[in-house]
Structure formats: C-alpha cells, structure tokens
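What you see below is based on every heavy atom in this structure, not just the backbone, and it leaves out hydrogens, waters and symmetry mates. Numbers restart at 1 for each chain; the letters A, B, ... are given by sequence-line order, proteins then strands.
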Amino acid sequence: MKAQADISNVEKRKKQPTICTFCGCGCAFYLFPEGFLVPAQNHPISRGKLCLRGWSYADLLFTPNRLKTPLVRRNAKLEETSWDGAIGIAGEKLKEIRDKYGGDAIGVLGSARSSVEENFTLYQFASKVLGTKNIDSFYRLGFLRSENFSFPDLEKADQIILLSCDIAERHPQAASFVIGALSQGAFLYVIDSRLPQMGRLASIHIQPPPMELLKEAENFIDNLEVRGNAYLLYSSEITLYGWAYEVQNVLNKAVAKGIKPIFLCDYANQRGMIEVGIHPQERLSFYEMLEEAKKGNLKALVIMADNPPERFPQLFREAREKLEFLLVIDPLRTDAVELADVAIPGTFFFEKEGTTVNAEGRRQALHPTVPSTLEKNEIDVLLILSEKLGSHLPFPSAELVEMERKEWKPELEPVSPNPPNPDYPFTLLLDPSYIWSGTAMANATFIFKRESSIILSDFPDGFLNINSEDAKEMKLRDRTIVKVETPRGSISLPVMTSLRAGRGVLLFPLYLWEKVVNELGGAEIDQSLGMPIFKPLPARIVKEE
Amino acid sequence: MPILAYKKISKENLLKMLEEIAKEEELIAPVEMYGGEALFQPVKDVSDITFNYVNTLFPPKQFLLPRFEKILTYKKEDGELKVEEVIEAPKRTIFGIRSCDVEGIRYSEYFYSGKMFGREDLADPHFMARRNNLTLISVSCQNPAPTCFCVCCDAGPFLEDGFDLQLTDLGENWLCEVGSEKGMALVEKFSSLFEDAKEEEIKRRKELEDEVLGKFGPYPAFSGATLRRVTEGNIPRQVWESLGERCIVCGGWQFLCPCCFCYTVVDIGDENEGYRARIWDSCHYEGYSRLAGGPNPRKSRDRRRERCIFHKFSWQYVERMGRHGCVGCGRCVITCMGYVHMPQTVWEIRSAFREESYKKEAKVK
C-alpha cells in the first residue's frame, strides 16, 4: 500500500469499485451517479461478469422505494420529521422501556445488508446500552459455519460435487466458476432430489428421494476416486431441511478423502454480521423474538436493515400489535418500515465506508462511490441514540472490531426426521430457488423486480412443483388445483409440472413458507442453531373436482 | 464516404487539441479505474486519459443510450396534466473509441434514426439529438486483445468510414484520416496543429493494417456460415438446448454489446408528479418477451438465445441494418457467465453438422 503522500492526483481521482449487496458471492463493480454500472474486470470474483441481480443494482440509485426522511407514527399515521426529532423520540421510548421492563424486554435485529462496522455498533448498542442479549437477524436463516475458501480456486477444480444446492439460481457467480472449470475438463457430480440447471451439465446426477439424500451422498463419496482438486458445495437447503447435524458425517468423509467442503452463504455480509456477534446469545433467536413479542413478553424491537415480514408476514403483524415500540433503520421503505413507530433512513453499500465479508471469508472494503446525501448514517444514529440513553459508545475502528470478534460455534444436535408414512407417498420440500422474489431488495430494482415477480404474478397464492411424469400418471396439468395433504393438515394449490422436481417430490417455494407451514405444519425450531427449519414432510395429493 | 484528407498531428499537439475540446464541450476518453481497467468517462484534465488499453470493458454507448434515462416528466397542475419531454444532448467528443465501437454506433443509429424501416420520421429524438452532437475520434488497433475478432466481422481493426477522425499511431506522430464533414471542420479549426501527411506515411498505415491481421487471437467467429444457417433455420434443436443449459441469464452480453440497444420503460412517481425513464433491457430475460396475462412465446432459455442470435445473424435483419449484429469486440467473451459467448455460439452452430459434435452432445447428457 502506498503512503498517502505518494498518491498523485490522478491516482486519487481513480474511481473505486463497490461490492454487491445481494448474494454471498461478493462481486465488485464500478457504480456511477448517472446510473451506469460496470463489473470490475480485475477483481478476482467478478472478473467482468455479473448476474442479473448485480446488473440491476444501479436501479437502487433511482428506486421509488428509498426511505429519504425519518418518519414518526402520529395518530396511527407515519409522518415525516427531522432527524433529531426521530432520534429523540426513539431514545426516549427505548429508555422508558429499558427502565420499566429491563433490557431483555427489547429485541435487536441486525442485517447482512449492513457493513461489519454497523453490525458491530448495533451489537455494542444492544449489549452495552440497552443491556439485552436478544440479538439476532433474519438474514441468519439457513446459515451454517464454514471454513474459508477461494472462488478462483474453484475454476481450477478437477472434481466438483454439488450437494443439494441450486447455484445457477442463487449463486450465479459460483455457477460461472463451476462452468469455467467444466470447460477446462472438470467433472461435475450433482446429488440433489431436484433437477437443477447444473444437473443437466453434470457427468453424474444422482437423484435420490429426499430422505435418503445424505446416505446416498455418503455412499457416493465413499466410492469416489478423488483426483486432483475436489470440492463439495452445499448451501442453506441442508440447514433448512434440518440436516445440519447429519451433514457433518458427509463433510467429515469428504475431508478425509481430500475433498474441500464449501458452504455458500445466501446473503452478502452474512459472515461479517455473525462474526461481530449478531447470533443468538444464550437468549432469543430471531424467530423466537417474534413469538415472544406475540405473547407480550418482548416490548420493543430495534431493526436495522432487516425485514422480517418478507418471510413471516402474519407472525410479524401479530407480534407488532403487541409491541410497545418498533424502531426501524433501513435504506428502503420496507414492510417493516410501514409498521414502525419510528423509521430512520439508512445507507447502501455504495454510500459508505466500511467492510463486508463474503461467503469465502474475503474481507472487502466499501467505498462511498456515490456519496450519501443523508444527514446521518447508521453509525451516527446509533452513537447519538446511545448518548440519549446515557452511555458512550466508541467509534467502530477496524482494531476494535477485530478485538471484539465473537465466533459462533453452535453445538449441533440431531433433528429427528419426519417418519415415512405409506399413506403419504410424496415428500414435500421447500425450494429456496426463488429466495429473492418479493424481497425489499428485489422490489427496489426495476429489471430484477420484473424478473423475480413473474413467479409471484403467475402464482400469487403459491404453487406446487411436481414431476412431469408423476403429473402424467395422475392426469394433472399445469395450473390444475390439487389438495396437498400431510398428516397435519391440507392446503389447495395450483400445480406446475416440470422436471425440476424428482419423482415423488413436491416442491413449494420458500417465499410462501409461512402460508404453507400454517396450513400443513412441519416447521419447527432447531434449538442448537436457533432458527426455524422445515423437515421434508410426507404428503399426498388429491385432485380437486 | 471516402477519406476526405490525410493529415498528421504530433503527440503533444493532439493533447493540446483535446485540452481545447475539453474546455468547450464534454470530452469522453478512456480513463483508468482503481482496479486498472479503462473505461470511457467524461474528462476535464487530459492527464487523466490513458493510452494503455486495448479495449474498454464497456463501449461508449451510454453516452448515446444511457443506462437510465429520464425521457419525460409529468405534473398535475390545477387538475391538468402537464407532460414535458426531456432531451439531454450536450455537445460531446469521444476520443479513443475503437473501430468496433464506431461500427456499433453506426448499427444502433440505423435503428434509432428509422433508416432500418425506411421511415426517418420515426427517428428517436433522444438518441438522434445526442448522435448529432457527437464527434468520434477513433484510434485504430495495432495490438488486438486475445478476445478480439473484429476482423471476422468486418468491423476493424481499421475502418474506411463511419468515424469523424481516425488516428493511427506512427510512433512520433498520429496519422489522421478525416472521414466526415464534422471531422474536416475539426481539422480546420485546429489547422495550426495539423500537417499534411506524406505519401510514405499513408503507405505505412496500410502496412500496419496488414501486420495487425496476423496478431488476432484464438477466438475466430466466422460468421458467414452462421449467417446462412440461421437464415435457413436448419440448426438442430440440440444446439440451442445445449447453449441454453449453460446460460445463467445474466443479460451482461446485451449490456456490453455495442450492437444491442433494447430498452424498457418505467414510470417513477405518483399520480400527481413523476417521470418516465427508459433503462437497458436484455432479450435473455424471461420478462422481456412475456405478454400481458402471462403467456410467453420464448419461455425457455434456449428459445430466448435462439431469438437473440436470429436477430443478430438472420438475413432479413442484415438486409435492413446494413450489417449483421456483431462487430467482434470480444466483450461477451469476458462477461458471459456460462461461457456461451458469441465465438462459442458461432463455433457450436458451425460444427453442429459434424457427426462428432452430436456424439459429444450425447456424452454431455
């Protein structure tokens, strides 16, 4: 690194890249205020390539969903107010609740859309100022701790195993590295109950029933002759299906044979967020916070750039009714902002200094390439808030953040699978492929919003993905309404036939998780990870007359 | 238009000229970014200009067709809706543009000027206002990048027309070919900086052109056979399916392509006040050809890709646009996430009739 004085004027004027806020790949691009966006060509991850989400990122500059001024709820309506006014009200309210009920009556939600420093300040604010241990984030859904790796190495791989992950949909840059490796002669093995896009490119695609997936994966790795660099990629499906404990056997076998396991994070700064302490601290996890609020035990919620109603709209609304105070800090006017008592605007990755950590564990610097026009940023707001609550917080310097790192090492516990039931021949699975559909980030763009909402407008109340062959046998066609029955309940859904679902597998998209779970049951909390999971569920379908 | 005059200009004088231009209008030139990439950017200080680039990752097309462009504003006043057209067309000079991008601009102009349909009254006012205010000072290529294949697409490395001035590096001097009246006016304005080129210098330019032809890399895209096969429509379905399987639908190819100019419009604002903007769009996206109510004639990835290649290579478009829709800049080779860029597509279409390629397909599946 050059000394500051050596940098000539030309050097200083050089445009800095910024990092994408969508998935965990961590691509870099140059963003210009006029809405022009160029992928960084000499960046090890983006290499001049971006996915649809990355290309749409510049739309955030012009989005009508931007929260520009602080809002305060007066007479059940959100009204614009000054920064000092909003922070003042928030400070008073939080102080009142803290003094009346104690710190643990307040819940705090961090975000993978915020930088490491902001999450760090939020953690300090929660633990030292509010005195609560209820700190977590909805962006932790599906996260599993993993080792560091390097995406560029993936391109030099000789063998790649994809264990139940649809990288083409959710981690397109990772898929690009895998296709790059394929074009250089690598072998691809896909072990998945579905037929994802990469399954069509695989040398071997094993499509076991969901319940036997991990057993098949173990068998496959036992029999695999490992040559050269081998990698095993897995992602949040494993955690969501309640296999976090069982998958360790597969991973251990893989490591013993020299295969490097890689976990792909779903969200941009998920790892950075968790390493500064945004994970369950012996207290309530994110899902439990809403449940406790619903029971009236949690009195206030402080949310930074998180949007729980994306996945749990009904639960959040019910919890909101019981909350005495809801503070939301977010760059976007999300559903959570609409329900807030006080909402304060936040900043995007391209507007601030800071760091972010991607799926690899790569620490990347953020630069204000399009400087923020807001009066205050998140860190300012949190520091002023803590002054109002009578404490002083230090500015989050890099050394301080490094010093206070809190590794999250949950002790995994086995989750008993749902027993097979001969009366229910199908297995119902959650398909996280449409993970961005309907989210605040997707809705803030133009092109990506259009693309991701096709599925929502085609099937506003959800759909059931069923194998074409199964559908033929049962005489089902696209959009036929069927009744899905599980031992716990039933729901009517239109059918979408495709080869994506394997034989005997029913897929429903993650974005309507809550709706399906409420009707069919099947969701529970994995206590060791502190997150809701959806175990593969035996089901049957009945054609509605 | 034939070359109007051959001039030469020394390297210092060129910078002097650019400095003068930058004072009067917006000068666009390649500028080095933090990561070392060169990009076309508005330049105030000529010391920012980099000459150390082969081709920028983006063609300078955002200065003609911005990625996000406000095209009209509306406002309700006393119950009446007032709509105003917004045309932003500052006087601009692009310096350092390569031959492929000059051809790309010409191709887009054919569409936006309405020449494609023989209806110049249908011209797009936004694009044409900017095009008419634009001067192109192109620099011919002497060291093509490994990804370049303009020589297969009749778009470089040297051009015969389309530019206002074409510069060729002759060591101490730049040879300057004047290709238009606009270029001639520029030379006359700065006549003290220019000299007449000598006969041997003009000869040297021809020699350089021949030398460059030998330097092209491993990505030939012989479009002739593709053009014929796409026009005849007898490409086996497996070819498109195989290409579609590797496509990640990023749309990057269309954003970077000098010949792509599709857009969509969005309205931003409420019922009282707001504006309409147009933003770049890509035919590879599912929502691009989706109709109201849900039906989609090009639902699968391979159908969308087939349509894209059809537009680029089918004779009916070649006839109307004056050329096929690829200038061989090689940017898709860099940006394609699935490695199914133009040279790869052309190669797969060309080899689709060989028996071995079918066998290879069978093995992949």
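For chain B, no part of A:E169 is nearby; none of its heavy atoms comes within less than 4.5 Å. Contact of B:V265 with chain A is not made at all, since no heavy-atom distance falls under 4.5 Å. When heavy atoms are compared at a cutoff of 4.5 Å, B:I334 approaches chain A by way of both its backbone and its side chain. Heavy atoms of B:R301 lying under 4.5 Å from chain A belong exclusively to its side chain. For B:V249, the part sitting under 4.5 Å from any heavy atom of chain A is the backbone (N, CA, C, O) and nothing else. Using a 4.5 Å cut-off between heavy atoms, A:I454 touches chain B through backbone and side chain atoms alike. If you measure heavy-atom distances from A:R47 to chain B, the contacts under 4.5 Å come from both the backbone and the side chain. Looking at B:F255, the atoms closer than 4.5 Å to chain A (heavy atoms on both sides) all sit in the side chain, from C-beta outward. Only the side chain of A:E451 comes within less than 4.5 Å of a heavy atom of chain B; its backbone N, CA, C and O stay farther away. Interface remark: B:E286 contributes backbone and side-chain atoms alike to the contact with chain A (heavy atom separation under 4.5 Å). Within the 4.5 angstrom heavy-atom criterion, only side-chain atoms of B:D45, from C-beta onward, approach chain A.
In terms of heavy-atom pairs under 4.5 angstrom with chain B, the leader among A:D458, A:L52, A:L37, A:V178 is A:L52. Taking A:S56, A:S46, A:A28, A:P172 one by one and counting their heavy-atom pairs under 4.5 Å with chain B, the maximum is reached by A:P172. Heavy-atom pairs under 4.5 Å with chain A peak, among B:V340, B:D270, B:N296, B:V266, at B:V266. Chain A forms the most heavy-atom pairs under 4.5 Å with one residue out of B:R331, B:Q41, B:H284, B:E69, and that residue is B:Q41. Options A:H205, A:M198, A:H43, A:Q173 differ in how many heavy-atom pairs under 4.5 Å they form with chain B, and the most are formed by A:Q173. Note: B:L39 leads B:V31, B:L256, B:T264, B:L39 in heavy-atom pairs under 4.5 Å with chain A.
Under the 3.5 Å distance criterion, the side-chain polar atoms of A:Q197 are matched with a main-chain donor or acceptor of B:C247. Checked by atom type and distance alone, the side chain of B:Y339 never pairs as donor or acceptor with a backbone atom of A:L182 at under 3.5 Å. The backbone N or O of B:C336 lies less than 3.5 Å from a partner atom in the side chain of A:K49, making a donor-acceptor pair. Counting only distance, with no hydrogens or angles, the side chain of B:E37 and the backbone of A:N42 share a donor-acceptor pair below 3.5 Å. Although no hydrogens or angles enter the test, the distance criterion places no donor-acceptor pair under 3.5 Å between the side chain of A:S176 and the main chain of B:G338.
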(request) For A:R450 and B:D281, run salt bridge (Lys or Arg N to Asp or Glu O under 4.0 Å): C-alpha distance rounded to whole Å, both residues' side-chain angles, the deciding distance at 0.1 Å, then the answer. (result) CA-CA 11 Å; A:R450 182 188 74 192; B:D281 203 350; 2.7 Å; yes
(message) Using the rule given for side-chain contact (heavy atoms from CB on, under 4.5 Å), can you reason through A:S457 versus B:R290, listing the C-alpha separation, both sets of side-chain angles and the distance that settles it, and then say yes or no?
(response) CA-CA 12 Å; A:S457 56; B:R290 189 175 183 269; 3.6 Å; yes
(request) Would you please test B:I268 and A:F446 for side-chain contact (heavy atoms from CB on, under 4.5 Å) and show each step? (result) CA-CA 10 Å; B:I268 300 167; A:F446 302 120; 3.4 Å; yes
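Within the 4.5 Å cutoff, no side-chain heavy atoms of A:E34 are placed close to those of B:P66. Considering only heavy atoms from C-beta on, B:I248 stays 4.5 Å or farther from A:C51 through its side chain.
Around CD of B:E88, the count of heavy atoms belonging to other residues, nucleotides or ligands within 6.0 Å does not exceed 12. The 12-atom threshold is exceeded at CD of A:E79, counting heavy atoms of other residues, nucleotides or ligands nearer than 6.0 Å. Counting non-hydrogen atoms of other residues, nucleotides and ligands closer than 6.0 Å to CZ of B:R237 gives a total above 12. In the displayed structure, A:F187 atom CZ is contacted under 6.0 Å by at most 12 heavy atoms of other residues, nucleotides or ligands.
Rounding to the nearest 0.5 Å places CD of A:Q41 at 12.0 Å from CE of B:M33. Between atom CD1 of residue A:I179 and atom CZ of residue B:R246 there is a gap of 8.0 Å, rounded to the nearest 0.5 Å.
Between A:F62 and B:F68, the angle of the ring planes stays under 30°, which puts this pair in the parallel group of the 30/60° scheme.
A ring-ring contact (aromatic ring centres under 6.0 Å, His included) with B:F58 is found for one member of A:Y30, A:F36, A:F29, A:F32 and no other, namely A:F36.
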